[in-house]
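One structure is given here, and the rest of the page talks about it.
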2 protein chains.
Amino acid sequence: MNDNKYELIYRDLANKIATGIFAVGNYLPSENDLRRQYAVSRETIRKALLALRNEGKIQKIHGKGSVVLGTRPALTSPELKGFTEIAASLDDPTNSRLVQNDSVYVDPERFFGREETIVRANAPGAQPAVLIGRLREVRHQPVSLDRDYVLTDIVPTLPDDPAETSLYAHVEETVAPISYAEREITMTQADWDDHQFLEVQLGTSVVVIRQKVYLTDTRLALLSESRLDPRQFHYREFVRRHLT
Amino acid sequence: MNDNKYELIYRDLANKIATGIFAVGNYLPSENDLRRQYAVSRETIRKALLALRNEGKIQKIHGKGSVVLGTRPALTSPELKGFTEIAASLDDPTNSRLVQNDSVYVDPERFFGREETIVRANAPGAQPAVLIGRLREVRHQPVSLDRDYVLTDIVPTLPDDPAETSLYAHVEETVAPISYAEREITMTQADWDDHQFLEVQLGTSVVVIRQKVYLTDTRLALLSESRLDPRQFHYREFVRRHLT
DNA sequence: TATGATTTGTGCGTATGTATA
DNA sequence: ATATACATACGCACAAATCAT
């Protein structure tokens with residue numbers, strides 16, 4: 001949590017949109033009104049509005065004002081959050097079960113695409129990692145089978161109870177803030193684990209979301225793979241055509 | 001194309017990153033150097049860098065500089081572009097075949113999720129639209145079956161040859177700039193058309209990307225559905241954890 | 001049609017704070 | 001400690017789009 005002015009204003013406005021105080025389709029107060037209300041400069045207001053715009057919460061219309069567009073939630077969404085963090089914002093009961101916890105070697109270069117990520121210790125590009133496999137349940141139904149490869153060189157420790165704790169929170173507390181990720185979504189054939197845990201038929205398709213998660217200093221901290229039942233998969237995002 | 005200073009600088013820097021003049025892993029010149037090189041104020045430079053950062057092309061590190069991260073291309077990517085526009089940037093030969101061209105009524109409220117989009121003319125929420133179905137081929141292989149529902153009330157005319165022309169370009173020339181879209185990715189069972197055109201087996205899974213495409217004034221201009229062979233589907237995007 | 005008021009967009013300058021080396 | 005580099009914040013001027021008169 002930052003205490004920047006524009007971020008505080010951003011959160012206040014985002015909250016007022018989420019709770020309907022600023023209703024969808026209506027205009028926000030003008031930048032000059034907001035400037036007076038928050039007693040800041042116009043540039044500070046504009047930074048807050050830009051952040052809302054980039055997330056698709058408002059649309060700025062030249063000469064008119066800022067229209068409230070609405071809000072989009074989902075379990076699998078463009079936000080860079082861990083399951084534990086998303087679960088905290090859901091009403092439904094959620095559960096994580098540890099199903100794997102091994103020391104392995106991985107080659108991050110082979111994580112995207114359809115190659116094998118786990119390699120021999122002496123393979124070129126091999127890095128030591130801890131593999132944590134967790135089955136995620138919402139409303140007591142399995143929704144995803146997650147495997148995180150935590151790079152030991154960057155993240156030397158792990159939470160005491162990996163099933164209960166947010167990996168992201170642990171990394172940010174013990175190493176450095178998580179900053180960004182490259183994400184890949186593909187489809188593949190269900191394997192035995194998918195069949196066992198996600199209760200999908202062998203050989204049918206499952207959705208695979210892979211992420212390379214980086215710290216603020218661009219160091220790669222972990223690889224994560226999430227396998228989902230295609231019947232439950234729905235991914236929503238907001239995309240813009242232009243910078244401005 | 002805008003002729004704003006910061007956008008020109010953005011494009012110049014993006015181009016130098018794409019062509020390797022600024023190599024991955026290296027630092028860009030400092031904001032002060034860039035300010036001198038382009039003979040603009042520091043804020044203008046910072047706007048250009050912010051745009052690069054938001055697209056995952058650079059990472060700004062406080063007190064150090066801006067590291068070049070790299071570039072990510074793909075046929076199905078987070079950019080809001082039509083197939084014709086993406087095809088223009090590919091080396092491979094591409095082709096579009098018109099397979100459908102009908103007048104229908106749609107209910108945009110029913111476009112996301114798993115409901116029927118095409119409704120009766122007198123249904124509540126029904127809007128007139130032209131359905132344009134096109135089979136897209138790359139390297140003479142079918143890659144996607146696209147259906148665009150162009151809302152007649154907003155876009156009254158259509159290009160003369162819908163198979164060859166970019167719908168997006170036509171909308172922007174005759175109506176208003178396209179600004180943003182809500183996108184949904186799901187999976188469903190292949191139907192007869194998928195089997196015929198995409199050459200996938202009946203009943204196996206296909207990827208469905210649906211988009212609601214809006215103009216700068218927030219009017220909904222068209223609905224588009226893209227159905228893809230899951231074996232060829234790979235979607236890559238860049239996501240950030242924080243605003244700053 | 002034209003004009004002025006309002007609102008957002010772009011650009012510049014300056015000052016201060018904070019992180020890095 | 002000092003210099004460098006990025007981050008935040010304020011203020012100002014003018015351009016461009018919109019709308020009511």
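Hydrogens, waters and symmetry mates are skipped; everything else that's a heavy atom, side chains included, is used. Below, read A as the first sequence line, B as the second, and so on, with proteins coming before strands; counting in each chain starts at 1.
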Paired to C/dT1 by Watson-Crick or G-U wobble criteria (both distances under 3.5 Å) is none
Residues pairing under salt bridge (Lys or Arg N to Asp or Glu O under 4.0 Å) where one sits in residues 15-31 of chain B, two or more places apart or in two chains, turn out to be B/D12-B/K16, B/E31-B/R42, B/E31-B/R46, B/E31-B/K60
Run the salt bridge (Lys or Arg N to Asp or Glu O under 4.0 Å) test on A/R134 and A/D148 for me, step by step, so that the C-alpha distance in whole Å, both residues' side-chain angles and the decisive distance to 0.1 Å come before the verdict. CA-CA 8 Å; A/R134 291 176 285 191; A/D148 291 281; 3.1 Å; yes
Under 6.0 Å from the CG atom of B/D161, do we count more than 12 heavy atoms belonging to anything else shown? yes
To the nearest Å, how far apart are [X] [atom1] and [N] [atom2]?
X     : N      : atom1 : atom2 : value
B/L49 : D/dC6  : CG    : C1'   : 10 Å
A/K60 : D/dT18 : NZ    : C1'   : 15 Å
B/D33 : D/dT4  : CG    : P     : 11 Å

Is the positively charged end of A/K5 above the ring of A/Y38, judged by distance under 6.0 angstrom from the centroid and angle within 45° of the axis? no
Segment of DNA chain C, first to last nucleotide, that comes within the 4.0 Å heavy-atom reach of chain A: C/dT7 to C/dT10
Who are the side-chain hydrogen bond (donor to acceptor under 3.5 Å, both in side chains) partners of A/E43, not counting sequence neighbours? none
Those residues that, when tested against A/R241, pass side-chain hydrogen bond (donor to acceptor under 3.5 Å, both in side chains) (two or more places apart): B/E85, B/E172
With side-chain hydrogen bond (donor to acceptor under 3.5 Å, both in side chains) as the test, would you mind laying out the steps for A/S144 and A/D146 before giving the verdict? CA-CA 6 Å; A/S144 74; A/D146 294 359; 3.0 Å; yes
With B for base contact, S for sugar-phosphate-only contact and - for none (protein heavy atoms under 4.0 Å), nucleotides 8-17 of chain D reads BBBB----BB
Mind checking what makes ring pair (Phe, Tyr, Trp, His ring centres under 6.0 Å) contact with B/Y214, not counting sequence neighbours? B/Y180
